[in-house]
Colleague: 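This is the structure, below, for whatever I ask next.
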Number of protein chains: 2
Amino acid sequence: MLCYEVLHAKGYRLTPQRILVLKTIYHADNHISAEEIYEQLHDRFPYINKSTIYRILELLSGLKLVTESNLGDGCIRYHAAIKGHHHHLICRICGKVIDLEESTLGPLKASMLRDYGFDADLRHMVISGVCSDCRSS
Amino acid sequence: MLCYEVLHAKGYRLTPQRILVLKTIYHADNHISAEEIYEQLHDRFPYINKSTIYRILELLSGLKLVTESNLGDGCIRYHAAIKGHHHHLICRICGKVIDLEESTLGPLKASMLRDYGFDADLRHMVISGVCSDCRSS
DNA sequence: GTTGCAAATGCAACTTGTTGCATTTGCAAG
DNA sequence: CTTGCAAATGCAACAAGTTGCATTTGCAAC
């Protein structure tokens, strides 16, 4: 797994805790929160500490090995950066999450660069609203 | 102040705590966090309770008298809804906040409705990135 | 295989925000 | 001006996340 090499190359240690957190994020089906990671790991490896999880996630996020998303449920959720970026449309009625291709917001990014000189970081946008199903009912 | 009438009309009581929170938000120059509101008020009126502030903000937000924004600094910030909605571009280097007119994202809203049937709630968008000053240096 | 030590972890205390419940109070009716 | 009571508040306990510091450990050098 390339992640291990990145850590090592930047001089970070390959600790069991870091390996477990990386594996958990890579094997998760969808976006996973810090607390979910902690619970999953603590069940199997009780020696793992909560603060360690948070510090590892901060590190991995800084190294862009994982991506943070705030899906509006009050906690930050993580997913493997290598799986690609995408945006989320969240229905505020039914809670459904629709994934958008990263390229969808290309025109928006271009217009903000043109009009404001602002280089927007549009990798994990979260947009709240009402989905088509809930609008029709 | 119209807010008081809205509260009264919906059957909510006009308590001193609610009046103080409303005044604080309306007199704040920029977006203000729950904790800042609590600190300001608690200095002058020590009887004001933290949980009351949070519950009042929840109520006012639900009634759309104030607008919530998550500016990415880990806390929700509030501003008076009557002052109008706008979006924020936040520079992740220098922290500068650029305000965008609400209408700027009109095309984006239209395209999401067209392509996904999704009625996006684009009233307090927060977009992270790098501002023109920081890009040139 | 040992050793040294900075990096990483575990622990406990702390901060920030939330919740359940007893007490207080705004306010409408008499 | 009282009174009654649901609504609102204060309090204290709790949950989630953070931080400082002592202890442990990955790993490079020998």
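All values below were derived from every heavy atom in this structure, side-chain atoms included, with hydrogens, water molecules and symmetry-related copies excluded.
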Colleague: Verify the cluster assignment for B:L22 and B:I76: are they in a single hydrophobic cluster under the rule of side-chain heavy atoms below 4.5 Å apart?
Modeller: yes

Colleague: Just name whichever nucleotide pairs with C:dT23, Watson-Crick or G-U, keeping both distances under 3.5 Å, else none.
Modeller: D:dA8

Colleague: List the steps and the verdict of side chain to side chain donor-acceptor pair (under 3.5 Å) for B:S61 and B:E68.
Modeller: CA-CA 7 Å; B:S61 184; B:E68 297 184 338; 3.3 Å; yes

Colleague: Is it true that A:L122 and A:V126 fall in one hydrophobic cluster, defined by side-chain heavy atoms closer than 4.5 Å?
Modeller: no

Colleague: Quick one: does A:K50 reach the base of C:dG10 with a side-chain donor-acceptor pair under 3.5 Å?
Modeller: no

Colleague: When only distance counts, do a donor and an acceptor, one from the side chain of A:R55 and one from the base of C:dG10, lie under 3.5 Å apart?
Modeller: yes

Colleague: Taking atom P of C:dG26 as reference, at what distance in whole Å does atom CG of B:L7 sit?
Modeller: 14 Å

Colleague: Report the distance from atom CG of B:L59 to atom P of D:dT9, rounded to the nearest whole Å.
Modeller: 9 Å

Colleague: Between C1' on D:dG10 and OH on B:Y38, what's the gap in Å once rounded to a whole number?
Modeller: 11 Å

Colleague: Between A:N49 and C:dT9, is there a contact of a side-chain N or O with OP1 or OP2 at under 4.0 Å?
Modeller: no

Colleague: Whole-Å distance between C:dT25 P and B:I56 CD1?
Modeller: 15 Å

Colleague: Please figure out whether B:T15 or B:Y54 has its closest DNA chain C nucleotide nearer the 5' end.
Modeller: B:Y54

Colleague: Between C:dG10 and A:T52, is there an OP1 or OP2 to side-chain N/O distance shorter than 4.0 Å?
Modeller: yes

Colleague: Taking atom C1' of C:dT16 as reference, at what distance in whole Å does atom NE2 of B:H42 sit?
Modeller: 15 Å

Colleague: So does B:Q17 get a side-chain nitrogen or oxygen closer than 4.0 Å to the phosphate oxygens (OP1/OP2) of D:dG10?
Modeller: yes

Colleague: Rounded to the nearest angstrom, tell me the gap between atom CD in A:E35 and atom C1' in C:dG17.
Modeller: 14 Å

Colleague: Run through A:I25, A:L65, A:T67, A:L60 and flag the one making a side-chain contact (heavy atoms from CB on, under 4.5 Å) with A:Y78.
Modeller: A:I25

Colleague: Start at the 5' end of DNA chain C and walk down; is the nucleotide closest to B:H8 or to B:I76 reached first?
Modeller: B:I76

Colleague: Rounded to whole angstroms, how far apart are CZ on A:R18 and C1' on D:dT24?
Modeller: 14 Å

Colleague: Determine whether a donor-acceptor pair (one donor, one acceptor, N or O, separation below 3.5 Å) exists between the side chain of B:R13 and the base of D:dA7.
Modeller: yes

Colleague: Would you mind reading off the distance between A:L14 atom CG and C:dT9 atom P, rounded to a whole angstrom?
Modeller: 11 Å

Colleague: Please test B:H87 against B:E102 for side-chain contact (heavy atoms from CB on, under 4.5 Å), starting from the C-alpha separation and ending with a verdict.
Modeller: CA-CA 6 Å; B:H87 309 294; B:E102 186 175 11; 4.2 Å; yes

